[in-house]
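Nothing fancy with the numbering, it's 1 onward along the sequence. Below, all heavy atoms of this structure are taken into account, side chains as well, without hydrogens, waters or symmetry copies.
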Amino acid sequence: MQPHDVDTIRNLPLFRDCAPETFEALIKISFLQRFPQGVLLISENDPADFLHIVLEGLVEMFGFTGGRETTLSFVRPVNTFILAAVLKDQVYLQSARTLDRSRILMIPAQAVRQAMQNDQAFMLSIVSELATGYRRMVKELKNQKLRTSSERLANWLLAHGREAEDGIVRLAMEKRVLASRLGMTPENLSRAFSALRDIGVRVEGTTIHLHSLEALADFAQPNPLIDDRHI
């Protein structure tokens, strides 16, 4: 692992305040691997053997039951998954696969639990990380239940459009995956895009042109009690 990777991980909120010896011990026993696109990293109902950190690429978190599958979230660099299962020493409730070529650091779960017991600062960071995850989950639940499909799409585009300098959102995933992430079918996603056409949203393959962020915001009505950085 390159020194700048170590520095980046050290600056994550989860590791920023832990003792140097705690961090060094965790990094020393970790595994850094490269994965091509489309690799299943973990599967729900498997034991949580590692805490994963995405250093490069894009990872899709998803679930399935009864022959149906849904996308739950995307994990971009530099972020972790799945902390709760690691701490509980229980099975994963989600599956994960790469949507792009990715570099993933894997920290053995037992070492994370041991470090939490030995390092109070690390334990407090873990509590904060879990609290942040809980609040994000509540916001997402409100997003899914209180908004129409067009409103969910508009807010997702607005969040990403504000990060783009040219008003262009370039999808890093297939549209069917985005549809699943937003809680709709591909057909509903197509209709939602059509509904936004009058306010300047134009789709060309996986490239989305946003003519007016102001008009999009007027339609989306972003709410700080719902909206977070959509990943």
**Q** For the atom pair NE2 (H4) and CG (L55), what is the distance rounded to the nearest 0.5 Å?
**A** 8.5 Å

**Q** Check L153 against A192 and note the closest heavy-atom contact, atom names and distance.
**A** CD2-CB, 3.7 Å

**Q** So, R97 and E69, do they make that salt bridge, N to O below 4.0 Å?
**A** yes

**Q** How far apart are the C-alpha atoms of K142 and N223, what are their side-chain angles, what is the distance that settles it, and do they pass the side chain to side chain contact (heavy atoms under 4.5 Å, CB included) test?
**A** CA-CA 11 Å; K142 292 169 69 177; N223 182 342; 5.7 Å; no

**Q** Hydrophobic clusters here meaning ILVMFWY residues chained together by side-chain heavy-atom distances under 4.5 Å, can you tell me if F23 and M123 are in one?
**A** yes

**Q** Decide if atom NE2 of H211 counts as having more than 12 heavy atoms of other residues, nucleotides or ligands within a radius under 6.0 Å.
**A** no

**Q** How about E204 and H209: do any of their side-chain heavy atoms sit closer than 4.5 Å?
**A** yes

**Q** Do you know the tightest heavy-atom contact between P222 and L158?
**A** CG-CD2, 3.8 Å

**Q** Scan residues 167-177 for pairs that pass side chain to side chain donor-acceptor pair (under 3.5 Å), counting only residues two or more places apart or in two chains.
**A** D166-R170, E174-R176

**Q** Looking at G38, is its backbone amide N or carbonyl O close enough to the side chain of T98 to form a donor-acceptor pair, meaning the two atoms are under 3.5 Å apart?
**A** yes

**Q** Between atom CG of L210 and atom CZ of R162, what is the distance when rounded to the nearest 0.5 Å?
**A** 11.0 Å

**Q** Determine whether a donor-acceptor pair (N or O, by modelled atom type, separation under 3.5 Å) exists between the side chain of S43 and the backbone of D46.
**A** no

**Q** Same hydrophobic cluster for I208 and L99, using side-chain heavy-atom links shorter than 4.5 Å among ILVMFWY?
**A** yes

**Q** Testing the basics here: between I226 and K139, what is the closest heavy-atom pair and its distance to 0.1 Å?
**A** O-CB, 3.0 Å

**Q** Side chains of F74 and N79: does their closest heavy-atom pair fall under 4.5 Å?
**A** no

**Q** Is a side-chain N or O of S102 found less than 3.5 angstrom from the main chain of D100, in a donor-acceptor match?
**A** yes

**Q** Are E140 and R181 within salt-bridge range, i.e. N to O under 4.0 Å?
**A** yes

**Q** Return yes if some donor-acceptor pair links the side-chain N/O of S125 with the main-chain N/O of A121 below 3.5 Å, else return no.
**A** yes

**Q** Any chain of hydrophobic side-chain contacts (each under 4.5 Å) joining L26 to M1?
**A** yes

**Q** How close do P108 and S30 get, counting heavy atoms only, and between which atoms?
**A** CD-CA, 4.3 Å

**Q** Let me know which of I9, D5, T8 forms a side chain to side chain contact (heavy atoms under 4.5 Å, CB included) with I53.
**A** I9

**Q** Verify side chain to side chain contact (heavy atoms under 4.5 Å, CB included) between Q33 and I104, making sure each step is shown before the conclusion.
**A** CA-CA 5 Å; Q33 293 194 22; I104 311 290; 5.7 Å; no

**Q** Quick check on the hydrophobic clustering: are L58 and V78 connected, directly or via other members, by side-chain heavy-atom contacts under 4.5 Å?
**A** no

**Q** Which distance, rounded to the nearest 0.5 Å, do you find between the CD1 of I199 and the CZ of F219?
**A** 5.5 Å

**Q** Enter the distance from T80:OG1 to I107:CD1 here, rounded to the nearest 0.5 Å.
**A** 9.0 Å

**Q** Check whether the side chains of S194 and R197 place a donor and an acceptor atom closer than 3.5 Å, and report yes or no.
**A** yes

**Q** Between N155 and A220, is there a donor-acceptor pair closer than 3.5 Å when you use the side chain of the first and the backbone of the second?
**A** yes

**Q** Taking atom CG as the centre, does L32 end up with more than 12 heavy-atom neighbours from other residues, nucleotides or ligands that are less than 6.0 angstrom away?
**A** yes

**Q** R152 side chain to L182 main-chain N or O, any donor-acceptor pair under 3.5 Å?
**A** yes

**Q** Is atom CD of Q120 surrounded by more than 12 heavy atoms (other residues, nucleotides or ligands) closer than 6.0 Å?
**A** no

**Q** Applying the side chain to side chain contact (heavy atoms under 4.5 Å, CB included) criterion to L41, which one of V54, V59, V75 satisfies it?
**A** V59

**Q** Quick one: do M173 and T71 satisfy side chain to side chain contact (heavy atoms under 4.5 Å, CB included)? Show the steps, please.
**A** CA-CA 11 Å; M173 72 291 296; T71 301; over 6 Å; no

**Q** Give a yes or no answer on whether the side chain of D119 reaches the backbone of A19 with a donor-acceptor pair at less than 3.5 Å.
**A** yes

**Q** Ignoring hydrogens and angles, tell me if any N or O in the side chain of R16 forms a donor-acceptor pair with the backbone of N11 under 3.5 Å.
**A** yes

**Q** Would you say the side-chain atoms of E44 pair up with the backbone N or O of F64, donor to acceptor, closer than 3.5 Å?
**A** yes

**Q** Would you indicate whether the side-chain heavy atoms of T22 and N118 approach each other to under 4.5 Å?
**A** no

**Q** List the steps and the verdict of side chain to side chain contact (heavy atoms under 4.5 Å, CB included) for L196 and L157.
**A** CA-CA 10 Å; L196 300 181; L157 289 172; 4.0 Å; yes

**Q** Might you point out which heavy atoms bring F81 and A96 nearest each other, and give the distance in Å?
**A** CE1-CB, 3.7 Å

**Q** Quick one: does R10's side chain get under 4.5 Å of C18's, heavy atoms only?
**A** yes

**Q** Report the relative orientation of the aromatic rings in F122 and F15; use parallel for angles under 30°, tilted for 30 to 60°, perpendicular for over 60°.
**A** parallel

**Q** Would L171 and V203 show up in the same hydrophobic cluster when neighbours are defined by side-chain heavy atoms closer than 4.5 Å?
**A** yes

**Q** Specify whether W156 and H160 have parallel, tilted or perpendicular ring planes, treating 30° as the upper limit for parallel and 60° as the lower limit for perpendicular.
**A** tilted

**Q** How long is the span from the CD atom in E60 to the CG atom in L178, to the nearest 0.5 Å?
**A** 11.0 Å

**Q** Hey, what do you get for CG (D89) to CG (D49), rounding to the nearest 0.5 Å?
**A** 9.0 Å

**Q** Mind listing the closest non-hydrogen atom pair of I29 and A111 along with its distance?
**A** CD1-CB, 3.3 Å

**Q** Can you name the residues that form a side chain to side chain contact (heavy atoms under 4.5 Å, CB included) with E214, not counting sequence neighbours?
**A** S212

